[in-house]
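Take a look at the structure below.
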Amino acid sequence: MHAKTHEAIHDYRLWIEKQEAAFSAWLNSVLVPAKATEEGLASQALAACRLAAKVRGLLWHLYSADTDVIASMLKVEKHIDAGQLRLKDEEAQLADVKWQQAVFEVLLSYHPFWLRLGLETVVGQLLPADTGDRKSRRERLAELLDFANETFLHDQDLAQQHALNITIEGLYSEQYWVDLGQVVLKRFLLLVLLLDRAALSDKVPGSAPLLFKRDGLCKKSSQVVTTLLSGRMFGEGDMMRHLFQLTYKLLYNQDPLAEFDFSLVSMSADLKDGLRLCKLAEALTGQQNVMPASRFPAVRRPQQLHNVALALNTMQKAGLNVQDVQMTRGSASVRPDDIVNGSREATLGLLWRAFLQFQASWLKSCVKPLPKLVDSSKLRSEVQRVLSKTRHSKKQQPSSTETEAGEERLAVLLSWCQAVCGAYGLTVVNFRTSFADARGLCLLVSYYLPSYLSEEQIFVPPQAATDSLVMEAYSEQDLAFEGAGTVGDIDVSSLDEAARQVHIAGVKSNLQLAQAAAQALGDVPPILSAPGFLEHGPDEKAVVVFLSFLCARVLEVSKEDRAAQVIQHFFRQRKSHQPGQGRASLLRWIAAAHVVQRAFRVWRFRQGLIAGCHMRGGLQAATTQLQALWRARQPFRSYQAVRHAAIRTQAVARGSRVRRQVYEIKVLAPLLLVCLQKRAALIAARVAARVEAMVTRLQAIYRGARQRRAYLQDRQHVVRLQAAFRAFPARMQFLQAKGAAIWIQSCWRRYQAQQHVLRTRAAVAIQKHWRGCRVRTNVMQQQSAAIVIQQHWRGHAHQCTYRRLQWSAICIQTRVRQWQASMRFALMRGAAIYIQVNHLPLDLGETPCDLGV
């Protein structure tokens, strides 16, 4: 009993960890879609190449077809050619290493993905793609900078045109540097404008990275221009003001909140602040007012509760039901407290419903939601096409889980898997046991894209060949953990050790093949893992999420492959056309046209017979109705004449009476009222005109007084400035004369003093000794007094310093003890919560089976 309980608890924790890993990968793909392109175009996945192609097409459209960009750049280039915008003479030497370093520092503020595509669009050349070897980030960045140095900062045509000696490289005329400075300035302004407009465009895919790097020097497009060109342009103060007058406007400003790292490491810890849930709600529903309403940073619990409640309310308004979420203890509602407290079951239940509601289906009320993965109608058509192509008539029923849940999209997805895998003889009954050996995943890829994964590479387990060895999903035996006796949900206990190892290696090989194909396709997050397959089989929800992404990708890519095959087929037929076949083909077309015309004539004759029968019945009914109307025509006319005469007589009498009443009651009174109103309006207009004239007069007087006061103040200031300016030379001349006079007087007095000293040397000696004695006495007294004062002052200062240090030490000790007490309380609280979560059900006498595990 205790062994079974331990195994059930182990399995319960295992599927929780599996689902957390799967949904963490899904959340990272939604919240951080640009992570695949974080290294530029290093990834050769199909999705990364298509993303680069879309953004490159958008940049080329802006460059060649956008009227605003073309008009702005024509005006800027006109000013540059006219010399109104030009670099300083000392900055025109673009071969200077300092100038190139400044350009590179500014350009590296852009993300390498955007910088590469922008440079390729501006210079009209493509950076050579990787030859297959994996390069480091530093090597790719150095390659990009070399490309910018060779094509963006230099021009081969100008170099050949202005070369003084072809055999000596780098020897150019002075005009070369002037022309090259104009070209580089044009390219730089065009690059910044194109990237600015592209980043603001709604056509940019959501998986594209931010325009500027998180650690970049600049965060605004205008800051890029001012940082590089400030102080380097001739006669320019505010560079952006001049460019704004030329309709050259840079509006992109990168939001600091967009640079926040939304990636998940631990689901229960990272979703507590609610910011990632708000980002998820914004991405799934398409509402753009979720993140601005969130509280960032969310450090305190009230802020976290506000963010989580905001995300839940947004998804509820979009149609998500957070009530009756299935948990181990039954159905319950998801509350903000559950998410903030780190409830793993509530979080997983909420994410599962959000995935099914928003991304696995189509939400028409969203402004710009994430693209749907499973379109039920198109997938049904694809199932019919596969069944008709493979002539697979064996019907497979979905598992009880899907039918009980009533999820139509899951049933359609399962039908698609059954149809495709049935073509290879693989029976699919559910999303867990049928995919335990990863063979079904490989077959789905191989059916649509055999170039990515061939059927010969797939490992076929001996037990998977028959349906008898596939165990029932969600049965009690399926949950039992028997160590090495089971691999996934397939029993391999009857195999020997060598065969068991071969089987495990085959399952790993199938999973690696499926993951490699998904990585090559791109836009498929790494949801599944090898340990999940080898221990108790894959989780059903993880398989559903992975299959949803895989279905969307293989259908999209295979459609293009089929279109390419059709085009190639017709092209080969065209190339294989031989002379003399045209007449035979024409005769076949004529014969086919005769058959079609004969069938059309027969169909038209039959339609004419049917229409004739209907027409005869309609004509008979119309004739009867016309006869009845004609017979009733004369009596009806007589009745109409009598009725018209009576109505006219009554109208004349009533009109005369009503006109009299209107004239007496409704005409005279309103006429008098209108006259009075016009008179009052005339009086009010005259009063308003007088008031307006008086107000205008007062305003004129006030404005005149203010202008006179300002004029007098300005005049006084000017007079003071003039007086100060005129007094400065006179003052300097006076000071020079005064200094000369003082120097002369001092020299004369010194001479007289020297003569007097010579005459009275003895008296001076006596006086000197006496004065020295008196001065020394005074100095000793003052020194003693100063020492006493210094002692008292230093004692007071040391006492004050000691009191401050004593108070600081007391405060530090208080904070440290408070922190230690908080840490002890948090540790005890975490231990209590852990004990309550993991051991409370067993203490109360409940078993995992009673809890629904």
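T314 contributes a side-chain N or O that, together with a main-chain N or O of L310, makes up a donor-acceptor pair within less than 3.5 Å. Checked by atom type and distance alone, the side chain of T285 never pairs as donor or acceptor with a backbone atom of M315 at under 3.5 Å. When atom types are taken as modelled, the side chain of S263 and the backbone of N28 share no donor-acceptor pair closer than 3.5 angstrom. D270 contributes a side-chain N or O that, together with a main-chain N or O of V265, makes up a donor-acceptor pair within less than 3.5 Å. A side-chain donor-acceptor contact under 3.5 Å links S446 to the backbone of L453. The backbone N or O of E259 lies less than 3.5 Å from a partner atom in the side chain of R214, making a donor-acceptor pair. Between the side chain of H306 and the backbone N or O of G274, no donor-acceptor pair lies under 3.5 Å. Between the side chain of K219 and the main chain of K213, a donor-acceptor pair closer than 3.5 Å is present.
Across all their heavy atoms, Y448 and L444 have their closest contact at CD1-O, 3.3 Å. Across all non-hydrogen atoms, the minimal contact from L348 to M267 is CD2-SD, 3.8 Å. Summarising the geometry of D338 relative to S333, their closest heavy-atom pair is OD2-O, 3.5 Å, with the distance given to 0.1 Å. Across all their heavy atoms, V55 and P205 have their closest contact at CG2-CD, 4.2 Å. The nearest pair of heavy atoms linking L547 to C417 is CD1-SG, 3.8 Å. Looking at every heavy atom in both residues, L284 comes nearest to A354 through CD1-CB, 4.1 Å.
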side-chain contact (heavy atoms from CB on, under 4.5 Å) for F296 and M291? Distances and angles first, verdict last.
CA-CA 9 Å; F296 175 79; M291 289 303 295; over 6 Å; no
What verdict does the side-chain contact (heavy atoms from CB on, under 4.5 Å) test give for S221 and L195, after you've listed the backbone C-alpha separation in whole Å, the side-chain angles of each residue and the deciding distance to 0.1 Å?
CA-CA 8 Å; S221 298; L195 295 180; over 6 Å; no
Given side-chain contact (heavy atoms from CB on, under 4.5 Å), test L351 with E20 step by step and report yes or no.
CA-CA 10 Å; L351 294 178; E20 281 189 348; over 6 Å; no
Report the C-alpha separation of L414 and N430 in whole Å, then their side-chain angles, then the decisive distance to 0.1 Å, and conclude whether the side-chain contact (heavy atoms from CB on, under 4.5 Å) test is met.
CA-CA 7 Å; L414 183 62; N430 53 35; 5.6 Å; no
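Each of D437, V543, L441 was compared with P538 under the side-chain contact (heavy atoms from CB on, under 4.5 Å) criterion, and only V543 meets it. Screening V420, V428, N510, I458 against L443 for a side-chain contact (heavy atoms from CB on, under 4.5 Å) leaves a single residue, I458.
The neighbour count for R300 CZ, taken as heavy atoms of other residues, nucleotides or ligands under 6.0 Å away, does not exceed 12.
Relative ring orientation between F435 and F431 is described as parallel, the plane-to-plane angle staying below 30° on a 0-90° scale split at 30° and 60°. Taking the six-membered ring where tryptophan is involved, the planes of W352 and F355 are essentially parallel, since the angle between them stays under 30° and well short of 60°.
With a 4.5 Å cut-off on side-chain heavy atoms, C278 and R295 do not count as touching. With a 4.5 Å cut-off on side-chain heavy atoms, L350 and L312 count as touching. Proximity of D337 to R301: side-chain heavy atoms (C-beta onward) are separated by under 4.5 Å at one or more points.
We find the CZ-CG distance between F549 and L521 to be 13.0 Å, quoted to the nearest 0.5 Å. The CG atom of N307 sits 11.5 Å away from the CZ atom of R276 when rounded to the nearest 0.5 Å. In this structure, K18 NZ and L528 CG are separated by 10.5 Å, a value rounded to the nearest 0.5 Å. Put simply, CG on L379 and SG on C551 are 4.5 Å apart, with the number rounded to the nearest 0.5 Å. Separating the OG atom in S415 from the CD atom in E382 is a distance of 13.0 Å, to the nearest 0.5 Å. Here CZ of R344 is found 6.0 Å from CD of E17. Values are rounded to the nearest 0.5 Å.
For N321, the side-chain contact (heavy atoms from CB on, under 4.5 Å) partners two or more places apart in sequence, or in a different chain, are Q323, R353. Y110 pairs by the ring pair (Phe, Tyr, Trp, His ring centres under 6.0 Å) definition with F212, not counting sequence neighbours. Every salt bridge (Lys or Arg N to Asp or Glu O under 4.0 Å) that E556 has, sequence neighbours left out, goes to R50, R553.
Side-chain atoms of S343 and N341 include no donor-acceptor pair closer than 3.5 Å.
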